[in-house]
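A short write-up of the structure that comes next.
Heavy atoms only: backbone and side chains are in, while hydrogens, waters and symmetry mates are out. Predicted model, so just to flag it, every value in this text is computed and none were measured. The first residue in the sequence is number 1, and the count goes up from there.
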Amino acid sequence: MMQLSVIPGDSIGAFVIGWPRHAVYEHCGEPDGTFRKSPLSKTIVDSYELEQCQVFYDESDCAEYIEASRKAGIDLIYFGHSLFDLSVEELLSLLSTEEVVEEDNGCSYIFPKIGMALWRSSREQALFDTVGVGALSYFQEHQT
């Protein structure tokens, strides 16, 4: 199983916040796909299927948010804990010392002061589907 370290506000594995797009390509290879989150979006997102990661770029073409999805064969490690193996309650307890913003009726949890986000597709799910890290400015700009 491939293990990727999670450093809130900084990186997931070899994907690093703040790197220009060409540096991401140099270290992580060419993406499997590139898209815009919406037709009006000014910025792009690169998708890496092998590692189920998406890299969101800012208007300067630098990585500002990285999101990894649950997938067999990938293990996200945060201070020795496997994030995709922890229940919602366990993971929220692990991060309980941090300020949290709950959105989407318990599907999304944002930790803006450390640059981390968790998401699940429904409130009934026992595990999170994605873990994201981003620049602190990303969370300030995208907070509802």
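- Rounding to the nearest 0.5 Å places CZ of Phe79 at 10.0 Å from CG of Leu95.
- Of all the heavy atoms in Ala63 and Val16, the pair that sits closest is CB-O, 3.6 Å.
- In this structure a side-chain-to-backbone donor-acceptor pair under 3.5 Å is missing from Ser60 to Cys62.
- Nearest heavy atoms, Val45 versus Lys37: CG2-CG, 3.9 Å.
- Side-chain contact of Ser93 with Glu89: a donor-acceptor pair under 3.5 Å is absent, judged by distance alone.
- Summarising the geometry of Ala68 relative to Leu76, their closest heavy-atom pair is CB-CD1, 3.8 Å, with the distance given to 0.1 Å.
- One hydrophobic cluster holds both Leu94 and Leu92 under the rule that ILVMFWY side chains link at heavy-atom gaps under 4.5 Å.
- Using modelled atom types, no side-chain atom of Arg21 and backbone atom of Val24 make a donor-acceptor pair closer than 3.5 Å.
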Mind running side-chain contact (heavy atoms from CB on, under 4.5 Å) on Phe84 and Asp75 for me, showing each step along the way? CA-CA 7 Å; Phe84 286 141; Asp75 198 9; 5.6 Å; no
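- Under a hydrophobic clustering in which Ile, Leu, Val, Met, Phe, Trp and Tyr are joined whenever their side-chain heavy atoms come within less than 4.5 Å, directly or via other members, Leu127 and Leu4 fall into different clusters.
- If you check the side chains of Tyr65 and Asp58, you find no donor sitting under 3.5 Å from an acceptor.
- The heavy-atom pair separating Thr43 from Arg36 by the smallest distance is O-NH1, 3.5 Å.
- Side-chain N or O atoms of Arg70 include none that pairs as donor or acceptor with a backbone N or O of Thr130 at under 3.5 Å.
- Aromatic rings from Tyr48 and Phe15 are positioned such that their centres are separated by under 6.0 Å.
- Heavy-atom minimum distance, Val88 versus Arg120: CG2-NH1, 3.3 Å.
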Does the pair Glu67 and Asp129 meet the rule for a side-chain contact (heavy atoms from CB on, under 4.5 Å), with working shown? CA-CA 10 Å; Glu67 185 175 61; Asp129 293 312; over 6 Å; no
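- We find the SG-CD distance between Cys107 and Glu102 to be 9.0 Å, quoted to the nearest 0.5 Å.
- Clustering ILVMFWY residues whenever any of their side-chain heavy atoms sit less than 4.5 angstrom apart, transitively, puts Val101 in the very cluster that holds Tyr138.
- Note that the NZ atom of Lys113 and the CD atom of Glu99 stand 5.0 Å from one another [nearest 0.5 Å].
- With hydrophobic clusters built from ILVMFWY side chains whose heavy atoms lie under 4.5 angstrom apart, Ile12 does not share a cluster with Trp119.
- Looking at Glu26, its side chain never comes within 3.5 Å of a backbone N or O of Ala23 through a donor-acceptor pair.
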Working for side-chain contact (heavy atoms from CB on, under 4.5 Å), residues Val100 and Met116: CA-CA 10 Å; Val100 63; Met116 189 170 184; over 6 Å; no
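- One finds the CD1 atom of Ile7 at 12.0 Å from the CD1 atom of Ile114 (value rounded to the nearest 0.5 Å).
- Between the side chains of Asp32 and Ser47, no donor N or O sits under 3.5 Å from an acceptor N or O.
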Show the numbers, then the answer: is there a side-chain contact (heavy atoms from CB on, under 4.5 Å) between Tyr57 and Asp46? CA-CA 8 Å; Tyr57 297 94; Asp46 283 335; 3.0 Å; yes
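- Atom OG of Ser96 and atom CZ of Phe111 lie 9.0 Å apart (nearest 0.5 Å).
- Expressed to the nearest 0.5 Å, how far CZ of Phe128 lies from CG of Leu91 amounts to 5.5 Å.
- Here the closest heavy-atom approach between residue Val133 and residue Gly9 is recorded as CB-N, 3.9 Å.
- Taken together through direct or relayed side-chain contacts under 4.5 Å among Ile, Leu, Val, Met, Phe, Trp and Tyr, Tyr25 and Trp19 form part of one hydrophobic cluster.
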